[in-house]
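Keep in mind it's a predicted model, so treat the numbers as computed, not measured. Side chains included, hydrogens not; waters and symmetry mates left out as well; all remaining heavy atoms used.
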Amino acid sequence: MADTTEHTGTQQPQPRKASWKHIGPGIVVAATGVGAGDLVATLIAGSNFGYTLLWAAIIGCLVKISLAEAAGRWHLSTGRTLFDGWASLGRWTTWFFAFYVVVWGFVYGAAAMSSSALPLQALFPDVMDLKWWGIACGLVGLVFVWFNKYAVFEKVMTVLVGVMFVVTVYLAIRVTPNIPDAFAGLLPVLPDEKDSILNTLGLIGGVGGTITLAAYGYWVNAKGWTDTGWMKVMRLDNRVAYATTGIFVIAMLFVGAELLHSANIAIASGDKGLIQLGDILEKEYGSATTTFFLIGFFATSFTSLIGVWHGVSLMFADFVARLSGTGRAKGEEVASGTRERSWPFRAYLLWLTFPPMILLFEGQPFRLIIIYGVLGAAFLPFLAGTLIWLLNSSRTPREWRSGHLSNAMLAIAGLLFLILCVKQIWDQPWGEFF
């Protein structure tokens, strides 16, 4: 059922000055959105094409800025949560989110624990097996998020982002990037390779997060930003988020271009590609650089783990409250911290942690992985399309509706992710599924 209520004029909150001291949710979304898989994808792009696709990585950051800004603007301008907005568009959004969050959470939980375990096993090879490291990471994430509110969570994420930043920038400097070639990579040129357009679109779409973009509005509220007075602050925070993401991605593209492309070295896709990179770094620069890199690899993976454990659990708690009518789907409710203490929040935390441990022992079931891949590919077109709908209707106060630039960026994002979604669905081995 659509909510077409016009927002009447009320006294606007006093705008707050956009100050660096307020930055926080942006750091969280940047840390959560950039996982080990994103860094490997950028490394592979650098190893295959050198600096040619640097421009695509930067466009990827700009696209995600528009999506996160739109999510944050909805929360601040309406005082309502994103799921409340989705629910106003019809029951189909509820069914999509419910199916998505259950299947996605089950598979992602195992992937996040495994990704965090890989660098720990490489650092301490004789301590225990990979699956036990994964279980330990999942349990640490569970305990940390269960017993801490957003303020502590943000501080820990900021420290881990600092580690990620130092490691990635150090590696980029260590490989001695070719600055003229890097500047040439800012020109929008496609590689002279088969499927170069799809590879380029994949790099653009893979920079910096999926469902964490939707979680950004919830972290904005959890920070205590609940009205339009925080709009300038939120926009600065969002830009910092994707500037940080851009630095991570550009640094890893430099590493791929200089260390792998020049030596014609190929690495595996996925998290194991970073373990291969560690071996290459050890041969080139010694064990100290490898250890430093593995610490950064762990920070990258573990921030994604605890970020999803917190942010998506917050979204799930709001989903349950809205569905059951037991709570208000308002930003103030998230800001009060009651969502973080609620049983749906903690139930989803348990869902992310314990059932996925089965996959660490048994391997990932084929059909479930296909469904997971399709759902993951469908989420960003869903997010972009619903944000365009919400932010151009009477659900949003007139002065905060999307302008031409925002609509253009959201439309580009929606089209881009729709193409990638169709490709993902097309590439699945459906003949083996049935």
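Counted within 6.0 Å of OH on Y170, heavy atoms from surrounding residues, nucleotides or ligands total more than 12; the atom is thus considered enclosed.
Here Q121 pairs with D129, L130, W133 under the side chain to side chain contact (heavy atoms under 4.5 Å, CB included) rule; sequence neighbours left out. Remark: K423 engages D427 in a salt bridge (Lys or Arg N to Asp or Glu O under 4.0 Å) (not counting sequence neighbours). Here W309 pairs with T353 under the side chain to side chain donor-acceptor pair (under 3.5 Å) rule; sequence neighbours left out.
One finds the CZ atom of R239 at 9.0 Å from the CE atom of M234 (value rounded to the nearest 0.5 Å). For the atom pair CG of L274 and CG of D279, the computed distance is 11.0 Å after rounding to the nearest 0.5 Å. Rounded to the nearest 0.5 angstrom, F248 CZ and T245 OG1 are separated by 7.0 Å. From I23, atom CD1 reaches atom CG of D237 across 4.5 Å, with rounding to the nearest 0.5 Å.
The aromatic rings of F302 and F298 lie parallel to each other, their planes meeting at an angle below 30°, with 60° marking the opposite boundary. Ring geometry for F316 against F319 counts as tilted: the plane angle lies between 30° and 60°, on a 0 to 90° scale. Using cut-offs of 30° and 60° on the angle between ring planes, the pair Y150 and H310 is tilted.
N238 and Y216 share no side-chain donor-acceptor pair at under 3.5 Å. Of the N and O atoms on the side chains of R73 and S402, at least one donor lies less than 3.5 Å from an acceptor on the other residue.
At least one side-chain heavy atom of T81 sits under 4.5 Å from a side-chain heavy atom of H75.
Within the 3.5 Å criterion, the main-chain N or O of V29 finds no donor-acceptor partner in the side chain of T32.
Of the residues W86, F99, F382, the one that meets the ring-ring contact (aromatic ring centres under 6.0 Å, His included) test with W92 is F382.
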